[in-house]
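Below is one structure; the comments refer to it alone.
Position 1 is the first residue of the sequence; numbering continues from there. All of these numbers come straight from a predicted model, not from anything done at the bench.
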Amino acid sequence: MTEQNDNQAQALIDALGPKLAEALLPALQKQVEEQIQGIVKKNDELLEKLSKSKDDPMSKLLAAADQQQRDRLNKDGTFRKEGEPVRLKRSDARNVKAYAAAKKLAADQGVNLEIVPDA
């Protein structure tokens, strides 16, 4: 008797399984599409905010201050005091691009460029 019940239950599951999936699939697809559309909308909003924030005068001011701070940072991680010369290690001065960048930085800041021995 239990075997017959198990067989009937399995037959019912086999018959209803595809129909149940067929009935639930459109609703599930709709929910997934709505969630994806919400994510896309939020992503667009955030990208718009980001692009506007780069044009914001305060952002430009902060970026300039950050660049000035990085320009005053020595290779060893210490800060140069205002008016101190830009120091470049002899080994770094052999690199044409590094030398040109240091020379330009020194000229922009109105200080001398100093080549120092490697430590």
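Atom CD in Glu33 sits 10.0 Å away from atom CG in Leu28 (nearest 0.5 Å). The NZ atom of Lys19 sits 13.5 Å away from atom CG of Leu24, with the distance rounded to the nearest 0.5 Å. To the nearest 0.5 Å, the span separating CD1 on Ile13 from CG on Leu20 amounts to 11.0 Å. Rounded to the nearest 0.5 angstrom, Leu12 CG and Leu16 CG are separated by 4.5 Å.
Both Val40 and Val32 are part of a single hydrophobic cluster, where members link through side-chain heavy atoms under 4.5 Å apart.
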Next item on the list: Begin from the C-alpha positions of Val111 and Val86 and carry the test side chain to side chain contact (heavy atoms under 4.5 Å, CB included) through to its verdict.
Entry: CA-CA 7 Å; Val111 296; Val86 173; 3.9 Å; yes

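At most 12 heavy atoms of other shown residues, nucleotides or ligands fall within 6.0 angstrom of atom CD in Glu22. The environment of Glu3 atom CD is sparse: at most 12 non-hydrogen atoms of other residues, nucleotides or ligands sit within 6.0 angstrom.
Side-chain atoms of Ile115 and Tyr99, non-hydrogen and from C-beta on, do get closer than 4.5 Å to each other. For the pair Lys104/Asp108, a side-chain contact is recorded, criterion being any heavy-atom separation below 4.5 Å from C-beta on.
Asp6 and Gln10 share no side-chain donor-acceptor pair at under 3.5 Å.
For the side chain to side chain contact (heavy atoms under 4.5 Å, CB included) test with Leu88, the passing option among Asn95, Leu113, Val116, Leu105 is Leu113; the others fail.
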